[in-house]
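Proteins come first, then strands; the chains are lettered A, B, ... in the order of their sequence lines, and each starts at number 1. Atoms considered below: every heavy atom in the structure, side chains included; atoms not considered: hydrogens, waters and symmetry mates.
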Amino acid sequence: MTDHQPQPIPEDRKAEARRRLAAARRRTRALRRRVAAGAAAVFMALFATVYVQMASGNDPVLTAFSARSGVAVVTTTKQTTATTTSSSSSVPAPVTTSQS
Amino acid sequence: MTTQTEVAQTFACFGSTCGAHVMGEGPAGDPADAVAAVRRRLLDWHGRFTRFSPSSELSVLNDDRRAEVAVTPFMARFVEAAVGAAYETGGLVDPTLLRPLEDLGYRGESAAPLSLDLALRLTPVRAPAAPAARAAWRDVVVDRERSTVTRPPGVALDSGGIAKGLFADVLAEDLDGCDAFAVDCGGDLRLGGVAGRGREVRVESPHDGRILHTYALVAGGVATSGIGRRSWLGTDGRAKHHLLNPATGRPAFTGIVQVTALAPTALRAEIRAKAALLTGPAGARRWLPDGGVVVYDDGAFDVVRSTLLTD
């Protein structure tokens, strides 16, 4: 019976394996970074869109209320002392309150 | 929902912008007639209630040296409302601060304005306002039947926001049969109508004019009181504005720059808005049982949900 002693792996092949392993890890890291950066960019873009929408006072829920107004005709007559507007609508026009 | 024509008109009045929106016919006629009537009445009241004209009915009353003065029924109604505001707020909303206000330099609608930001930076101390110890408003007595006002000569009444709230409510009485209406007396609003249609009411920021919140109301009163406008630089280099602390007779810097209040009527909303601002951040919300928006010095704001009828 012959003993089969494992052949020692040559140093140059070990080095090659380490190089390939390191290269694979680099690729994985780069891929992870790209996926994370992409996800962050998409999130920021969506968040910014919603933020700008809300900050400008155009809450979509409230807009739905406005949308029902369905303004068909608006005519404005401006005199020196007063501005008169006539509009056809199913919902009364909005009004604004501020310090007088 | 059917489409209808709404007529709206805006015009300069009370040193501000007033307006009316009317949809559907009512006791005042068609919408165009109704808004025209609103404008006529407001301009007439402006002439009678302005304190910047020595010949106005209010100025004549304030300058009268007699203790008891005969006034028109509508002036008696205003004085009753103004004194009622003081009783309702324990003297915090005090209509007898006209002379201290004039002494501070507020004698005309054209006073050089000071920006809100600068006014706040020039005034580092913040403190809640308090009623005046003297409480001159307790000496003002109105007899609606005889149409007289009795008060110690020298006690002068300021029409201010109380008159605007009252005017909006009185005009609402005339428009009540319309499908939908809104009366705007320089920011004091009264909404209503028999059709029960909701209307957006937008609350504007005193800092940058953006819309802070939008209510959708079918009926009720909305009023905004603040120090964002009508501020000026005094001769002592200090910032002044028209909302005085009754206890000191000096402009009130409480940490709140504007309050919008909702109430069943515009007069009540005006009283609540003023009282909330003068109370300061710690107790402002208790004056807003029907909703409102409180805006602080730094631009932050709180919204109190409306309990009024909404769309």
- Looking at B:Met23, B:Gln258, B:Gln4, B:Lys164, which has the largest count of heavy-atom pairs under 4.5 Å with chain A?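 The option with the most such pairs is B:Gln4.
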
[X], part contacting chain A, at a heavy-atom distance under 4.5 Å:
X	value
B:Ala36	neither
B:Ala12	backbone
B:Ser16	side chain

Taking the side chain as every heavy atom from C-beta outward, state whether [X] and [Y] have any atom pair closer than 4.5 Å.
X	Y	result
A:Ser98	B:Arg202	no
B:Glu6	A:Pro92	yes
B:Val7	A:Thr85	no

- Message: For B:Asp33, give me all partners under salt bridge (Lys or Arg N to Asp or Glu O under 4.0 Å), at least two apart in sequence or on another chain.
- Response: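 Listed in chain order: nothing, the list is empty.
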
- Between B:His21 and A:Ala93, the two heavy atoms sitting closest are ND1-CB, 4.1 Å

- Query: Where do A:Val91 and B:Gly198 come nearest, in terms of heavy atoms and distance?
  - Reply: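 The pair with the smallest heavy-atom distance is CG1-O, 3.5 Å.
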
- Task: For A:Thr96, enumerate each residue passing the side-chain hydrogen bond (donor to acceptor under 3.5 Å, both in side chains) test, keeping only those at least two apart in sequence or located in another chain.
- Result: none

- Item | Pair listing, salt bridge (Lys or Arg N to Asp or Glu O under 4.0 Å) test, anchored in residues 23-45 of chain A, at least two apart |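 Listed once each, the pairs would be none.
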
- Item | residues 184-195 of chain B: residues contacting chain A (heavy atom under 4.5 Å, by number) | B:Asp184, B:Gly186, B:Gly187, B:Leu189, B:Leu191

- Does the side chain of B:Thr260 pick up a donor-acceptor pair with the side chain of A:Thr97 at under 3.5 Å?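 There is no such pair between these side chains.
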
- Query: Does B:Arg199 use its side chain to pair, donor to acceptor, with the backbone of A:Val95 at less than 3.5 Å?
  - Reply: no

